[in-house]
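Atoms within each ligand, like the ligands themselves, are counted from 1 in listed order.
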Amino acid sequence: MDRPYVVLGVSSSLDGRISLGPNRTLMDIDERDDVLGNRDEWEEFYSSLQKKHDIDVFMEGSNMLVKETEELRELERYQGNEDELYHDFLPHEVVDRPGRTGWLAVVDGRGRVRGGYTGEEDKPMLHLVSRRVPPEYLHFLRKSNIPYLIAGEKRVDLALALEKMVDKLGAKAVLTSSGGRLSGALLKKGLLDEIHIRFNPVIIGGFDTPSLFASPDIEEGEWPTQLEFIEGEVTDTGHIFVRYRVKR
Ligand SMILES: NC(=O)c1ccc[n+]([C@@H]2O[C@H](COP(=O)([O-])OP(=O)(O)OC[C@H]3O[C@@H](n4cnc5c(N)ncnc54)[C@H](OP(=O)(O)O)[C@@H]3O)[C@@H](O)[C@H]2O)c1
């Protein structure tokens, strides 16, 4: 296989909502979000998936970090040769850092994640960007020593980004807890291998609340994605854990 094994791990209400409402980022999380799992439960869910699949890349969508409506931070104007920026940036001191065990990757096709977070000592940040991002943004990442891979023209070409992760970084398995749009895109493109969902005994509703998989409606004659059940468990607290393999 020329791409890593890709696993989705997500916590959902019984009605498939993965957030309490639209446009909520990590910054908006409050105690009500515990209906989808508190911090300890998340850590337990995640570390079980990490161990099961020997995960080395944790991948998120940009909407988890930046609201669609958010005004973006102005970046310093770049006056150098732009062509030099539109190449993958994988600084040796980050890639080969002693103790590095993986990556925290964010899909950021428009260059909106501008906080400058460099990740954890053992898992640095890796931005996955398209050629559409402005040079100022790439310059900013370089100055902040944040690695990036370029894949795609207007959006991140997810298949290519995953292939580059293998070729350039030796990635083996990706765990994404992506929001619904990224999960929907990965699923539609045949890039998801396994799906783990923790269903919580709660219904959230909402017409615009992010749901498990958001992608264009299936077309006339197109088949829904078929899944193969692997395992499941119902707990005393009424949570349902399910694991499926995506059929090809
Ligand atoms: N309960 C849970 O387990 C859980 C887990 C994660 C997130 N969440 C919640 O989910 C919400 C975010 O979900 P969301 O659906 O709004 O956003 P999202 O899944 O974060 O999707 C947005 C990201 O996916 C990229 N993307 C979407 N379609 C694409 C395509 N066809 N090709 C390439 N890239 C594509 C976007 O790229 P561009 O940058 O180019 O637009 C953007 O980076 C947040 O509220 C978050 O808290 C919940």
Which one holds for T25 and ligand 1: side chain close, backbone close, both close, or neither close, with close meaning a heavy atom under 4.0 Å? neither
Any R243 side-chain heavy atom under 4.5 Å of I197 side chain: no
Are any of the side-chain heavy atoms of L186 and L158 separated by less than 4.5 Å? yes
Short list, please: which atoms of ligand 1 are under 4.0 Å from a heavy atom of V156? 32 (N), 33 (C)
For ligand 1, which atoms, with element, lie under 4.0 Å from some heavy atom of S19? 45 (O)
Would you say R110 has any N or O atom under 3.5 Å from an N or O of ligand 1, going by distance alone? yes
Looking only at protein heavy atoms, which one is nearest to atom 15 (O) of ligand 1, and what is the separation? R181 N, 2.8 Å
Using the side-chain hydrogen bond (donor to acceptor under 3.5 Å, both in side chains) rule, pick out the option among Y148, Y78, Y137 that qualifies with R142. Y148
Would you kindly say whether H139 and E82 are connected by a side-chain donor-acceptor distance under 3.5 Å? no
Charged N to carboxylate O below 4.0 Å: is that the case for D34 and R39? no
Can you pull out the closest protein heavy atom to atom 6 (C) of ligand 1? Residue, atom name and distance to 0.1 Å, please. S177 O, 2.3 Å
Give me the ring orientation class for H53 and H196: parallel if the planes are under 30° apart, tilted from 30 to 60°, perpendicular past 60°. perpendicular
How close do I204 and D15 get, counting heavy atoms only, and between which atoms? N-OD1, 3.1 Å
Modelled atom types, side-chain donor and acceptor of E60 and S177, under 3.5 Å: yes
Closest protein heavy atom to atom 31 (N) of ligand 1, given as residue, atom name and distance to 0.1 Å: A185 CB, 3.4 Å
Would you mind checking which non-hydrogen protein atom is closest to atom 44 (C) of ligand 1, with the distance to 0.1 Å? R24 O, 3.2 Å
Distance under 4.0 Å to a non-hydrogen atom of V10: what atoms of ligand 1 satisfy this? 2 (C), 3 (O)
Short list, please: which atoms of ligand 1 are under 4.0 Å from a heavy atom of G61? 20 (O), 23 (C)
Using non-hydrogen atoms of the residue, decide whether W42 is closer than 4.0 angstrom to ligand 1. yes
Evaluate S11 for polar contact with ligand 1, using N/O atom pairs at a separation under 3.5 Å. yes
Taking R132 for its side chain and R155 for its backbone only, find out whether a donor-acceptor pair lies under 3.5 Å. no
S62, any N or O under 3.5 Å of ligand 1 N or O: yes
Distance to 0.1 Å, residue and atom name: give those for the protein heavy atom nearest to atom 24 (O) of ligand 1. L182 CB, 3.6 Å
Can you confirm, on distance only, whether ligand 1 has an N/O atom lying under 3.5 Å from any N/O atom belonging to G21? no
Would you say that L65 contacts T25 through its side chain, given a criterion of any heavy-atom pair below 4.5 Å between the two side chains? no
Of the listed options G109, P216, A214, A151, closest to atom 39 (O) of ligand 1 (non-hydrogen atoms): G109
Which option wins on minimum heavy-atom distance to atom 28 (N) of ligand 1: M64, R198, R155? R155
Any heavy-atom pair between the side chains of K168 and L90 that's under 4.5 Å? yes
Measure from atom 16 (O) of ligand 1 to every heavy atom in N63, N23, V113 and give the option owning the shortest one. N63
heavy-atom search around atom 13 (O) of ligand 1 in the protein gives G179 CA, 3.2 Å
Among D88, D2, D157, which residue meets the salt bridge (charged side-chain N to carboxylate O under 4.0 Å, His left out) test with K164? D88
Set out, in order, the CA-CA distance, both residues' side-chain angles and the distance that settles side-chain contact (heavy atoms from CB on, under 4.5 Å) for I195 and L187, then state yes or no. CA-CA 10 Å; I195 296 173; L187 193 71; 4.2 Å; yes
Which residue supplies the protein heavy atom nearest to atom 25 (C) of ligand 1, what is that atom called, and how far is it? V107 CG1, 4.0 Å
Identity and separation of the nearest protein heavy atom to atom 48 (C) of ligand 1: I18 O, 3.1 Å
Short list, please: which atoms of ligand 1 are under 4.0 Å from a heavy atom of L158? 32 (N), 33 (C)
Going through the distances and angles, do R112 and E70 end up as a salt bridge (Lys or Arg N to Asp or Glu O under 4.0 Å)? CA-CA 9 Å; R112 298 185 307 131; E70 204 164 308; over 6 Å; no
With only distance considered, is G9 within less than 3.5 Å of ligand 1 through an N or O on each side? no
